Engineer: 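Here it is: the structure, laid out below.
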Amino acid sequence: MNANLYQYDQAPLLEIHDLDVGYGHKPILRQLNFSCLPGQFISLLGPNGAGKTTLLRTLSRHLSPMAGQVRVQGRPLEDLPAMELARFMAVVLTDKLSPPLFSVYEFVALGRYPHTDYLGRLRSEDQVSISSSLAAVHALDLAERPFADLSDGERQKVLMARALAQEPKILLLDEPTIHLDLKHRVEVMAILRDLCRSKGITVIASLHDVDVAAKVSDRVALVREGKLCDWGTPEEVLNAKAVTGLYDFDKAEFNSALGGIELKGEGNRGRAFVIGGMGTSSLIYRLLARKGFAIATGVVHANDLDFHVASALGADCVVVDPLVPINGEATTQALNLLRDCDLVIDSGFPLMEGNKANLELLQEAFNSKKIVFTLRDADPKSVVSPMSSSYHRCSTPSQLVEALESYQRVPAAQHHPEEA
Amino acid sequence: MSTAQSCCDLRPISVRRAPLVFGLLAVLTLVMLVLNVGFGSIHFTLPQLWQALTHPQDESTISFILWNIRIPRAIAAVFGGAYLAAAGLLLQIYFRNPIVGPYILGISSGATLMVSFVMLTSVTVSWTLFTPFISTLAAFAGAYGVMLIVLAIASRVKGGVTLLIVGLMMGYLCGAVSAILTAFAEKEKIKGFVLWQLGSFSGFKWNEIWLLLVVGGAIMVLLYLQSKPLNAFLLGEEYAASMGVNIRRFRLLILLCSCGLAGMVTSMAGPVAFVGMAVPHMARLGFGTSDNRILIPGACLMGGLVASLCDLIARSVMAPVELPLSAITAFFGAPIVIMLLLKRRVKL
């Protein structure tokens, strides 16, 4: 709350009013309106070609606005002298540059351009700034290395250090994590977040990882089809529907509670019913989706991790309210789903007062002679009876994967002639 | 405090080694100057040379040869080479392309074309007022004209090799026009033009030397003051602009300077191949940096050294026959272009 009050106290660094951006006479984005406060992390999200880069290039004054205005601390962007703008705003671009023969230290020193004299001589405060810029991106140890010898990830950090050496209030980054390995991807995002928190720099970055954006951003801008579709905190803006719409997802879904994207399967290898709950089934859902099974599951509570994963994967899921014991109606519903399935998987959910009724489902699977895979530590005979069906015990998920890989759909599929 | 301390250890190696390389180059260039003055088709003894050097007003043959032939030629070689190298360095940064130079981009050809108008036709005969500088001005106009055409094409097509081909084509076109002019020209004029076209630092008059020193020197001072934006431009136009470089003014200035330098040298010495392209690379290797505050003077010294050496070779290997200067420079320049083409990533 205090943090919020603190932020609202400050005047916006950058205000965008009715801005149209584009090349030539063709606007790519129209009627943009938003403003950026000090220390905010702002993500631009949208499909490739939506105009994120065009917007960034307009904000950095490389392109002039086609209509509307960008105001920098209340002044029109086009009125700022080049040197003043360079001390206010720095950029990190995606284009691969042909590396000059510079050490990392000399390369970062180029960023002192707006602060040094006509020959670019470094004074002691410039040297301090260069060192602290390198330190801020955890790259002090690279200082003496030739710039040309760096890996992609190291190079990206050094590019960020060069931008920081300008001592900007705003940092614009175009796809800062593209082409990076996972280690550097995570590191770069953590560095950017720290810059916002500890140095109060406003970061505006176009990102392609919606899950990462949801975790680091203070504000997100969804850019699609020539306009700003949505603007706000990731909590309010990044829901399954908005993200699906943004990227035209067909076989995937974003789940804000999970903070990630689930990939739906083809669902054409048959239908599997997972008896689960209490977080035991999430991995199973994902591996079933990956192996091309359609999923049905139940009965789970609405606050269960399993429920979030199952619904993001588009499973048929029988759900009851949190903390309410699973009751007869839900069980009947689940039983009907189970009877329609080709195979049944028992996730080995722990037995509690609230979910005892799920054992009825397992009992029915045996009774109706379904193929049953169980990950239960204990023998299923100890929890249900009588045993009149074959079952396969898998002690680990990878054994289940192997079992499913060798599974050929048997005539049980006659329940779904339309799928055959 | 500890960070400030560690900065001092971060002084790049290239900066520490620069004075050494500068010293070495300066000594070698001086040696070349002395050799170029001392050696020639006529042999003089050291006391004779000293006598002539210290008594420039002497009526003796030695003094005449020294002060009107050898010394102007030696100075012209040093400064001609220096300016071509500086022009090449600028163009390589401007186009962000390691295989360009004034000769390769066709700038020298443009200058040649305009000089051929002056030398082969009678159009400018009546402009007596400008006579000493008319070919310099013509060369500059030609250089700039070709530069604008190359720029127009370069803005449409990207890629290093394309630019090279465009430059070659400009060279052929300009050569074709010169050839047509030659067909119509008088015999005596043709001989002069053909000799000039082979490239040589011979025949420099003192007023040309002064023009070379004063105008060229002024351009070099201007250029050195641009070394900071030139460094920023190494990262590309967008980064340079974001750091506060006034791109439009900078681009115009760089083009004017490089065309001015290359045009001036070409008008006096004829088209000299490859010095402008190869020397900046040699300077980068020698100094181990892309920092233009070091490279601009460094490439100049290196250019002066290389041109002097080539001139010495051209006139002494087959003496008394003098070999065309461009032939000698091509012998070491062309392999460098091929090497750069084979090596896919070259640093600027």
Side-chain angles (χ1 to χ4, degrees), chain A residues 57 60-62 80-87 89-93 95-122 124-132 134-135 140 143-144 146-148 159 162-163 165-166 168 172 174, chain B residues 1-16 92-93 95-98 160 224-250 281 283-296 344-348:
Chain A
R57 296 180 72 165
S60 69
R61 209 166 72 176
H62 201 76
L80 257 74
M83 284 294 184
E84 199 181 331
L85 184 64
R87 287 189 291 261
M89 184 188 277
V91 299
V92 177
L93 306 168
D95 19 326
K96 294 234 161 185
L97 40 89
S98 51
L101 278 175
F102 278 139
S103 71
V104 165
Y105 188 84
E106 289 174 292
F107 185 87
V108 174
L110 291 178
R112 294 304 294 165
Y113 192 97
H115 300 276
T116 51
D117 66 0
Y118 64 98
L119 272 182
R121 284 178 289 214
L122 300 176
S124 59
E125 64 250 50
D126 294 314
Q127 297 183 342
V128 169
S129 171
I130 294 165
S131 297
S132 70
L134 278 166
L140 257 182
E144 285 185 87
F147 179 75
L159 282 169
R162 189 215 57 81
Q166 284 176 244
L172 302 178
D174 193 8
Chain B
M1 200 55 227
S2 62
T3 44
Q5 206 68 59
S6 62
C7 307
C8 307
D9 307 330
L10 299 173
R11 300 270 304 153
I13 296 156
S14 56
V15 173
R16 284 179 247 156
Q92 289 174 4
I93 296 170
F95 286 102
R96 301 185 67 204
N97 187 334
Y224 191 72
L225 295 178
Q226 292 298 311
S227 50
K228 184 184 169 187
L230 274 168
N231 280 351
F233 211 77
L234 287 172
L235 305 188
E237 184 188 305
E238 216 166 330
Y239 273 119
S242 83
M243 286 192 262
V245 180
N246 182 334
I247 295 294
R248 198 171 295 181
R249 198 179 64 192
F250 172 77
H281 290 293
R284 271 184 211 106
L285 277 178
F287 286 94
T289 182
S290 296
D291 189 342
N292 292 296
R293 288 170 297 183
I294 295 172
L295 274 188
I296 291 175
R344 278 170 74 207
R345 287 173 63 83
V346 181
K347 288 148 200 97
L348 273 182

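Letters A, B, ... mirror the listed sequences (proteins, then strands); counts begin at 1. In this text the structure is predicted, and so the values were computed from the model without any measurement.
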Engineer: Is B/K228 positioned over the aromatic face of A/Y113, cation under 6.0 angstrom from the ring centre and no more than 45 degrees off axis?
Structural biologist: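 Positive - B/K228 is close enough to the ring of A/Y113 and near enough to its axis.
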
Engineer: Under 4.5 Å from any heavy atom of chain A, what part of B/S242 do you find: side chain, backbone, both or neither?
Structural biologist: both

Engineer: Return the set of residues passing ring pair (Phe, Tyr, Trp, His ring centres under 6.0 Å) with B/F233 (not counting sequence neighbours), or none when no residue passes.
Structural biologist: B/F250

Engineer: About how many Å separate CG of A/L101 and CD1 of B/I294, when rounded to the nearest 0.5 Å?
Structural biologist: 11.5 Å

Engineer: Under 4.5 Å from any heavy atom of chain B, what part of A/V104 do you find: side chain, backbone, both or neither?
Structural biologist: neither

Engineer: How close do B/T289 and A/F102 get, heavy atom to heavy atom, and via which atoms?
Structural biologist: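 Here B/T289 and A/F102 meet closest at OG1-CE2, 3.9 Å.
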
Engineer: Tell me, out of B/L225, B/L235, B/N231, B/N292, who's got the most heavy-atom pairs with chain A below 4.5 Å.
Structural biologist: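 Going by pairs under 4.5 Å, I would pick B/L235.
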
Engineer: Identify the heavy atoms of A/A86 and B/G244 that sit nearest to each other, and give their distance.
Structural biologist: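 Scanning both residues completely, I find the closest heavy atoms to be CB-N, 3.7 Å.
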
Engineer: Among B/Q226, B/E237, B/M243, single out the residue with the greatest number of heavy-atom pairs under 4.5 Å to chain A.
Structural biologist: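 Most heavy-atom pairs under 4.5 Å with chain A: B/M243.
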
Engineer: Check whether B/N246 gets within reach of chain A through its side chain, its backbone, both or neither, counting any heavy atom under 4.5 Å.
Structural biologist: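 It is neither, since no heavy atom gets under 4.5 Å.
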
Engineer: Could you tell me which residues satisfy side-chain hydrogen bond (donor to acceptor under 3.5 Å, both in side chains) with A/R61, sequence neighbours excluded, listed by chain and number?
Structural biologist: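 So A/R61 forms no side-chain hydrogen bond (donor to acceptor under 3.5 Å, both in side chains) with any residue.
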
Engineer: Quick check on A/L80 against chain B: is it the side chain, the backbone, both or neither that has a heavy atom closer than 4.5 Å?
Structural biologist: neither

Engineer: Is a donor on one side and an acceptor on the other found under 3.5 Å between the side chain of B/Y239 and the backbone of A/L93?
Structural biologist: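 A pair under 3.5 Å: yes.
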
Engineer: Mind ranking A/L119, A/L110, A/L172, A/V91 by heavy-atom pairs under 4.5 Å with chain B and telling me who comes out on top?
Structural biologist: A/L119

